There are 4 protein chains.
Amino acid sequence: MVKNKRNQILEAASRSFSLFGYKGTTIDQVAKMADVGKGTVYTAFENKEDLFHAVLQRVIDELKAVFAEAIKEDQDGFENITSALDELHTFKEKHQLVAKLADEVRVLGSESANKALQQVEYAMIDLVKQLLIKAERNGKIHCPNPQATAFLLYKSYLSLVTEFEENYAPLEKEELIDIFKLHFMHGIAKDEA
Amino acid sequence: MVKNKRNQILEAASRSFSLFGYKGTTIDQVAKMADVGKGTVYTAFENKEDLFHAVLQRVIDELKAVFAEAIKEDQDGFENITSALDELHTFKEKHQLVAKLADEVRVLGSESANKALQQVEYAMIDLVKQLLIKAERNGKIHCPNPQATAFLLYKSYLSLVTEFEENYAPLEKEELIDIFKLHFMHGIAKDEA
Amino acid sequence: MVKNKRNQILEAASRSFSLFGYKGTTIDQVAKMADVGKGTVYTAFENKEDLFHAVLQRVIDELKAVFAEAIKEDQDGFENITSALDELHTFKEKHQLVAKLADEVRVLGSESANKALQQVEYAMIDLVKQLLIKAERNGKIHCPNPQATAFLLYKSYLSLVTEFEENYAPLEKEELIDIFKLHFMHGIAKDEA
Amino acid sequence: MVKNKRNQILEAASRSFSLFGYKGTTIDQVAKMADVGKGTVYTAFENKEDLFHAVLQRVIDELKAVFAEAIKEDQDGFENITSALDELHTFKEKHQLVAKLADEVRVLGSESANKALQQVEYAMIDLVKQLLIKAERNGKIHCPNPQATAFLLYKSYLSLVTEFEENYAPLEKEELIDIFKLHFMHGIAKDEA
DNA sequence: TATGAATGAGGCTTCATTCAT
DNA sequence: GATGAATGAAGCCTCATTCAT
């Protein structure tokens, strides 16, 4: 069962990278967590970086799929940020992993891993951008720099579901959506000068 | 001149940690960049972690000082986000370093370094929070969850001056301020339903 | 063959510790002498001290075994120092190693190694003491301070087979026994024949 | 005061070598204990080994002097082992240092240090040997192998005042003498009283 | 194909020694 | 002459990777 072992390893690596980061993950760890021999890791993957790459790719693919779904369903263009975030939120853990790996990659950054990771981010941010553009065309929002807005939305979401939860307070999904509505949709200024 | 060599090393370490991260930085590297012998690093610092800690502390202290200034000058309470960001922006590089180190620490996190870093973030986010609360009392803004808002403002700022610039486009200070005004002060919704 | 490599290393370490002492022995040395890679040493032993400990333990165990034999065979109680020394002498090299390691341990003494080493010495000296006490009860010898006598016998034996041989003259087994008979038997014998 | 500093260092090194051994003694340690700068050690001594050598030499010289005295006073030839040991015992600490250094030297043994140390031992053992020979000529003792006997006497003395005291029980001078009388005098005396 | 014992490059740290002040 | 900051060789240990079974 080639695929089976490979998946065990991928799963274990995913968990380990997420918990301990790239340098903090040893092949021994992964092998043990996957319940396979150390050598087996090297029959399934070229080397540590290749394994990292594969973990990344899997997350990327899953997230892309979610977004492909999301964009199909959203016909009105960002009208209901609520449901979009709702959808997004079902993959909170995946995003948390992405955030962790992004840290890693920024820090240790083998070029290739970096590229792979940026691919996800680009894809997701670009998707948000498309939604924003559509929404503006529909006259729903005012958004002169959709690139920056999309970037901010995505990054803010990540920050909230990773660090904020960790260091300040856990957030219910409703609170999370409220925060987004407040800040991005409406703004905090009381009387708009 | 004790302080001189120590500062050379601190400076070099700062650059190296910023570029390659904690694990990615070797003492040999630092020594070479500081143009001192490897052993010299160990006359100035107990060990690698101590050096890291010192780099962190220096940034922390500088940032704390900036913020102490900033809060004094802002008498109206967040009225002019413009000038606040302006002030903040003079320390862009320091923040970029903090962001990098924060990644490191989150990933490799020796407890002590982690504590030190959170201290800065707490301090800065708390400071923003105070400004927000004051502004709300003055009726300038509507802000039901100042903690979250402060967190978002700080993190968004960091994201923009680090990753956004790196991956998408460099931002002029004016653009940066515009982005903040647009998103946080006013919001992007055209007619608020 | 796990035990095989482990034994190669143990053997090599034994020789190296014996020749160059603890500090004077490098892991590289041991690895080279054992004809294994440096890393292999660390698959078999936790660290250098652990290796030292293991070497010590092996000698200890061997010597304990010899003594267990010796005491069984001596039914008359130290009557025939000749045969006792004879027996003992078959492990001359081991004792020489113990002496060397004892020097090391006294000098560099990690507590644990020290404990281990004293265990052997205590065991062996105590055994001699028991023999002395038995012999005295049987009226064979006069020995008011068996502790001191046992200590002296053991240490003298060690000195003779290590330093004396090294610095003055090699000793035939018969000479060694003669020396002991002369100095200690005649000294401690109650009725002088 | 050249001699003064040099003596401070010699004194400090003596203590440190005695306490921590050769490898266990750092030049920093010695400098601190001598209350001089580290560099000063190198103005007074060529290098660490030279310092060690000097410490050794000083002990050697002192002990030689004691023995020179001892042999003059003993006109009867080993008749009164009591008074000989008595004399010897006033230099117990020196002997303990010699024992410690001897361990060191055996372990780390630079040839030169080894030679130096053996010189003391040779000198002292030889002196004992002369006494033994004289005593035998006078018909006081029976001693077919004075070399070995002298060696044993000296080593036994050292063992008793170092290890035995440390590990078993402190010895009063009287006890020590009794032990020697018991083991060696009665053993080697021709006519057993 | 799966395994894990074996490997060695590379990193941190210590400390004897030098040299500018 | 005295000093101690600076140095780098050398030692211990980790871990990605290989290879014989």
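Note that this is a predicted model, so its numbers are computed, not measured. Naming convention: chains lettered A, B, ... in sequence-line order (proteins, then strands); numbering from 1 in each chain.
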Secondary-structure notation, DNA chain F, from Watson-Crick and G-U pairs under 3.5 angstrom (| other strand): .||||||||||||||||||||

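Summarising the geometry, the separation between CG on D50(C) and P on dC12(F) is reported as 14 Å, rounded to the nearest angstrom. Taking atom CG of L51(C) as the reference point, atom P of dG11(F) lies 16 Å away to the nearest angstrom. As rounded to whole Å, 12 Å separates atom P of dG4(F) from atom CD1 of I9(D). Between N4(B) atom CG and dA6(F) atom C1' the separation is 13 Å, expressed in whole Å. The CG-C1' distance, from D35(A) to dA2(E), rounds to 13 Å in whole Å. Distance CZ (F45(D)) to C1' (dA2(F)): 15 Å, rounded to an integer number of Å.
Residue pairs meeting the salt bridge (Lys or Arg N to Asp or Glu O under 4.0 Å) criterion with at least one partner in residues 24-37 of chain B, sequence neighbours excluded, are D28(B)-K38(B).
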Per-nt protein contacts along nucleotides 14-21 of chain F (heavy atom under 4.0 Å; B base, S backbone sugar-phosphate only, - none) come out as B-SBB---

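Using a 4.0 Å cut-off between charged side-chain N and carboxylate O, E11(B) and R6(B) make no salt bridge.
In this structure, K5(A) reaches the dT3(E) phosphate: one of its side-chain N or O atoms is under 4.0 Å from OP1 or OP2.
Summarising the geometry, atom OG belonging to S16(A) is positioned 11.5 Å from atom CZ belonging to F52(A); distances are rounded to the nearest 0.5 Å. How far CG of N47(A) is from NE2 of H53(A): 11.0 Å, rounded to the nearest 0.5 Å. Separation of atoms CZ (F45(C)) and CG (L10(C)) is listed at 4.5 Å; rounding is to 0.5 Å. Of the inter-residue distances, the one linking Y42(C) atom OH with I9(C) atom CD1 reads 11.0 Å to the nearest 0.5 angstrom.
Residues Q29(B) and M33(B) form a side-chain contact, since some pair of their non-hydrogen atoms from C-beta on lies under 4.5 Å apart. For the pair F17(D)/L51(D), a side-chain contact is recorded, criterion being any heavy-atom separation below 4.5 Å from C-beta on.
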